[in-house]
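Here the structure is laid out as structure tokens; the discussion comes afterwards.
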Amino acid sequence: MTKKALITGITGQDGSYLAEYLLSLGYEVHGIIRRASTFNTSRIDHIYVDPHTRGARLFLHYGDLADSEQLSNIIYNVRPDEIYHLGAQSHVRVSFDVPEYTGNIAALSTARILQMIHRSQNGIKFYQASSSEMFGNTPAPQNESTPFSPRSPYACAKVYAHWMTANYREGYKLFACSGILFNHESPRRGEIFVTRKITRALANILAKKQEKVYLGNLDAKRDWGFAPEYVEMMWKMLQSSAPEDFVIGTGEAHSVREFLEEAFSYAGLNYEKYVETDPRYFRPTEVELIVADPGKARMRLGWDPKVRFKELVRIMADADIKKAGLEPPGEGEALLEKKYPSRWWRVD
């Protein structure tokens with residue numbers, strides 16, 4: 001029988017890639033989307049077909065992660081084999097401005113879904129999107145045994161969700177896993193996140209549509225990987241013989257400044273001429289260094305990321321330069337053709 005998956009946050013970067021991946025595996029995919037007066041499904045428009053179409057396998061449901069009744073109805077009617085809980089207010093800096101909302105959506109939604117799975121007694125497998133932000137400033141590299149020290153409302157919410165997942169797994173024997181994913185980027189990354197903000201600004205500067213880009217802490221270091229490779233690990237976690245938590249990252253750390261330098265030099269520009277700092281983009285409590293120790297995932301899941309930092313920058317820069325109507329250098333596109341000749345995702 002065809003497996004069914006339910007994805008919260010299906011219209012986000014990870015949700016859209018995961019939907020593509022599961023469809024490539026033959027799944028029937030259901031996604032929860034928010035009702036809006038404008039279209040908000042651009043990342044999945046290329047895989048969506050009218051549900052009346054014969055053979056359609058992607059279905060969308062209006063819902064709200066803060067509404068238990070809606071969530072319960074969707075889960076009851078869909079009866080999924082697997083739930084991938086990716087939906088959240090996921091911008092760390094913004095979480096300082098909307099802490100209550102962040103907690104409600106990123107933390108309590110996990111408790112709502114876990115309780116529904118527990119009550120259903122249907123053996124639904126559950127994936128929780130945990131975050132490297134939970135580690136805060138604990139010494140790097142961080143792995144599954146590293147203590148959490150959250151330094152933002154977003155990170156605090158994710159710690160709550162992470163431990164609720166562990167409690168339901170241990171207390172009620174649910175097949176519930178948390179993927180502690182470190183920063184993962186792509187051309188589908190939201191435009192307010194720093195990596196995409198940089199590559200989009202670069203494209204606009206080349207197109208003479210923008211003169212400056214304003215950023216916060218340029219010295220913060222992160223472990224940046226390529227999002228399509230990370231969603232494959234989400235699926236692999238739920239196919240394991242027993243539920244476990246896994247850290248997923250490249251094991252390399254690079255600063256925002258390095259990302260800037262790499263992106264602008266790729267296009268033949270000196271970033272220092274175009275970048276200014278703005279205090280509004282600094283966090284009240286900063287996290288200076290996050291880098292993964294993915295040894296467990298390497299051993300248990302076969303984790304072996306093919307796209308590294310410089311390649312990631314080129315992939316994102318090429319995509320945004322092309323979107324600006326210009327001809328990109330093309331090294332990023334060429335890399336994907338070489339490493340993933342039969343890839344399951346669309347680049348843009």
Side-chain angles (χ1 to χ4, degrees), residues 6-15 31-38 40 61-75 83-119 126-138 147-168 176 178-184 189-194 196-197 215-217 220 222 245 278-288 290:
L6 175 64
I7 303 173
T8 72
I10 194 172
T11 59
Q13 170 190 251
D14 290 5
I32 298 177
I33 62 173
R34 286 173 292 181
R35 178 70 178 91
S37 59
T38 56
N40 57 2
H61 309 267
Y62 288 118
D64 189 330
L65 294 177
D67 189 325
S68 296
E69 183 178 0
Q70 282 186 336
L71 289 175
S72 181
N73 287 340
I74 292 170
I75 293 172
I83 294 178
Y84 296 86
H85 183 32
L86 313 183
Q89 189 303 101
S90 59
H91 195 284
V92 179
R93 177 59 191 85
V94 172
S95 76
F96 286 97
D97 300 325
V98 289
E100 182 179 348
Y101 175 76
T102 299
N104 192 8
I105 300 303
L108 293 180
S109 63
T110 302
R112 295 180 184 112
I113 295 172
L114 286 167
Q115 182 67 0
M116 291 167 200
I117 294 173
H118 166 53
R119 287 178 174 174
F126 177 76
Y127 173 85
Q128 161 62 23
S130 291
S131 169
S132 59
E133 288 288 337
M134 301 187 304
F135 293 120
N137 279 334
T138 54
F148 298 137
S149 180
R151 289 176 62 79
S152 67
Y154 169 78
C156 291
K158 283 295 185 179
V159 169
Y160 174 92
H162 180 89
W163 284 124
M164 285 297 284
T165 301
N167 272 266
Y168 272 78
S178 287
I180 308 175
L181 273 53
F182 283 61
N183 294 63
H184 45 289
R189 188 57 144 152
E191 294 172 357
I192 62 173
F193 290 87
V194 66
R196 185 73 196 290
K197 189 174 180 180
L215 302 171
N217 183 6
R222 295 293 184 269
D245 302 331
D278 186 333
R280 289 180 297 177
Y281 299 129
F282 283 81
R283 304 179 189 180
T285 48
E286 186 57 83
V287 174
E288 296 297 339
I290 303 178

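The first residue of the sequence shown is numbered 1, and numbering continues consecutively from there.
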Margin query: So does E69 get a backbone contact from the side chain of S72, meaning a donor-acceptor N/O pair under 3.5 Å?
Written below: no
Sub-4.5 Å side-chain heavy-atom contact between N167 and L114: no
Of all heavy-atom pairs linking D245 and S178, the shortest is OD1-N, 2.9 Å
dist I83:CD1 -> I117:CD1 (nearest 0.5 Å) comes out at 4.0 Å
Separation between CZ (R112) and CE (M164), nearest 0.5 Å, reads 11.0 Å
Walk me through whether N104 and Q89 qualify under side chain to side chain contact (heavy atoms under 4.5 Å, CB included). CA-CA 9 Å; N104 192 8; Q89 189 303 101; over 6 Å; no
Between the CD1 atom in I32 and the CG atom in L86, the distance rounded to the nearest 0.5 Å is 10.5 Å
Rounded to the nearest 0.5 angstrom, the OH-CD1 distance for Y154 and I105 is 13.5 Å
Could you tell me whether the side chain of V287 reaches within less than 4.5 Å of the side chain of R222, counting heavy atoms only?
yes
Rounded to the nearest 0.5 angstrom, the CG-CZ distance for N40 and R34 is 7.0 Å
Contacts of Q70 meeting side-chain hydrogen bond (donor to acceptor under 3.5 Å, both in side chains) (sequence neighbours excluded), chain-then-number -> none
Taking the side chain as every heavy atom from C-beta outward, state whether H85 and L65 have any pair of such atoms under 4.5 Å apart.
-> yes
Below 4.5 Å, heavy atoms only, C-beta onward: do D14 and Y84 meet side chain to side chain?
no
(Q) Are F96 and T102 packed together at the side-chain level, in the sense that at least one heavy-atom pair is separated by less than 4.5 angstrom? (A) no
Between R196 and G190, the two heavy atoms sitting closest are CB-O, 3.3 Å
I want to check something: taking the side chain as every heavy atom from C-beta on, are F148 and W163 in contact at a cut-off of under 4.5 Å? yes
Pair Y281, R93 - check side chain to side chain contact (heavy atoms under 4.5 Å, CB included), show working.
CA-CA 7 Å; Y281 299 129; R93 177 59 191 85; 5.6 Å; no
Heavy-atom nearest pair, A161 first then A106, reads CB-O, 3.7 Å
query = Can you find a side-chain donor-acceptor pair between N73 and H61 that sits under 3.5 Å?
reply = no
* **Check: H184 main-chain N/O paired with Q13 side-chain donor or acceptor under 3.5 Å** => yes
Between Y160 and A111, the two heavy atoms sitting closest are OH-CB, 3.9 Å
Rounding to 0.5 Å, atoms NE2 (H162) and NZ (K158) come to a distance of 11.5 Å
Are any non-hydrogen side-chain atoms of N137 and S149 less than 4.5 angstrom apart?
no
Closest heavy-atom pair, A157 versus G103, reported as atoms and distance to 0.1 Å, is CB-CA, 4.1 Å
Shortest non-hydrogen pair, S152 vs S95, comes out as CB-OG, 4.1 Å
With sequence neighbours left out, the residues meeting salt bridge (charged side-chain N to carboxylate O under 4.0 Å, His left out) with D67 are none
> Which word best sums up how the rings of H91 and F193 line up, parallel for under 30°, tilted for 30 to 60°, or perpendicular for over 60°?
Replying inline: tilted
